[in-house]
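What follows is one structure encoded as structure tokens, with my remarks underneath.
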Amino acid sequence: MIAKKERGKMERRLTASLTHACEQAKPLLPGFSWLTHEVDYQRFPESLVVTWVFDTHPNLANALKGDARRCIADLTAEALAEAGLDVGDVSRHLDFDSEEACQREHGGDWQRRLRTKPTRH
């Protein structure tokens, strides 16, 4: 179990490194909008999920092909390493979504959408 003080430090490092990855990705991935992460520190690091959000489903589908998917995995792995985290196979900690799907299915309410997504681990 991770102490509350250490969780706060870890969260700040993780947020900063993922923000950097997000800014790096914007010019590289057409339609990429933003990313977010969720983690349950009671089940860390297994519970860590980084969600990459694209504007439309077609842009998301294109990103999941070939080099773009590898770019996403590499950027995520670099961000996690920068934050001092070792999660093993980073692909197990990735999720993808689109603004278009959130608008259609949850009226644009990302908090509700992320809260109701099935748990990955």
Cationic N near anionic O, under 4.0 Å, Arg43 to Glu38: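 No.
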
Could Arg70 and Asp74 be called an ion pair, given the rule that one side-chain N must be under 4.0 Å from one carboxylate O?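 Salt bridge present between Arg70 and Asp74.
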
Could you tell me if the side chain of [Y] sits less than 4.5 Å from the side chain of [X], heavy atoms only?
X     : Y     : value
Arg69 : Leu94 : no
Glu46 : Asp40 : no
Leu80 : Leu48 : yes
Val39 : Ser47 : yes
Trp34 : Glu99 : yes
His93 : Val50 : no
Cys71 : Leu28 : yes
Ile72 : Phe96 : yes

Working for side chain to side chain donor-acceptor pair (under 3.5 Å), residues Gln111 and His106: CA-CA 9 Å; Gln111 287 184 347; His106 292 92; over 6 Å; no

Atom CG of Leu60 and atom CD of Glu100: how far apart are they, to the nearest 0.5 Å? 9.5 Å

Say you draw a straight line from OG of Ser17 to CG of Leu75; how long is it, rounded to the nearest 0.5 Å?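 Ser17 OG to Leu75 CG: 11.0 Å, rounded to 0.5 Å.
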
With side-chain contact (heavy atoms from CB on, under 4.5 Å) as the test, would you mind laying out the steps for Trp110 and Val53 before giving the verdict? CA-CA 11 Å; Trp110 275 101; Val53 179; 3.6 Å; yes

Check the pair Glu6 / Tyr41 against side chain to side chain donor-acceptor pair (under 3.5 Å), numbers first and verdict last. CA-CA 10 Å; Glu6 183 57 32; Tyr41 284 103; over 6 Å; no

Measure the acute angle between the ring planes of Phe32 and Trp52, then classify it against the limits of 30° and 60° as parallel, tilted or perpendicular.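 Phe32 vs Trp52 ring planes: tilted.
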
Checking the side chain of Arg12 only, and the main-chain atoms of Gly8 only, is there a donor and an acceptor separated by less than 3.5 Å? yes

Asp86 side chain to Gly88 backbone, donor-acceptor under 3.5 Å: yes

Can you confirm whether Asp89 is buried at CG, in the sense that more than 12 heavy atoms of other residues, nucleotides or ligands lie under 6.0 Å from that atom?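 Result for CG/Asp89: enclosed.
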
Is the count of non-hydrogen atoms from other residues, nucleotides or ligands lying under 6.0 Å from His37 atom NE2 greater than 12?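 Yes.
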
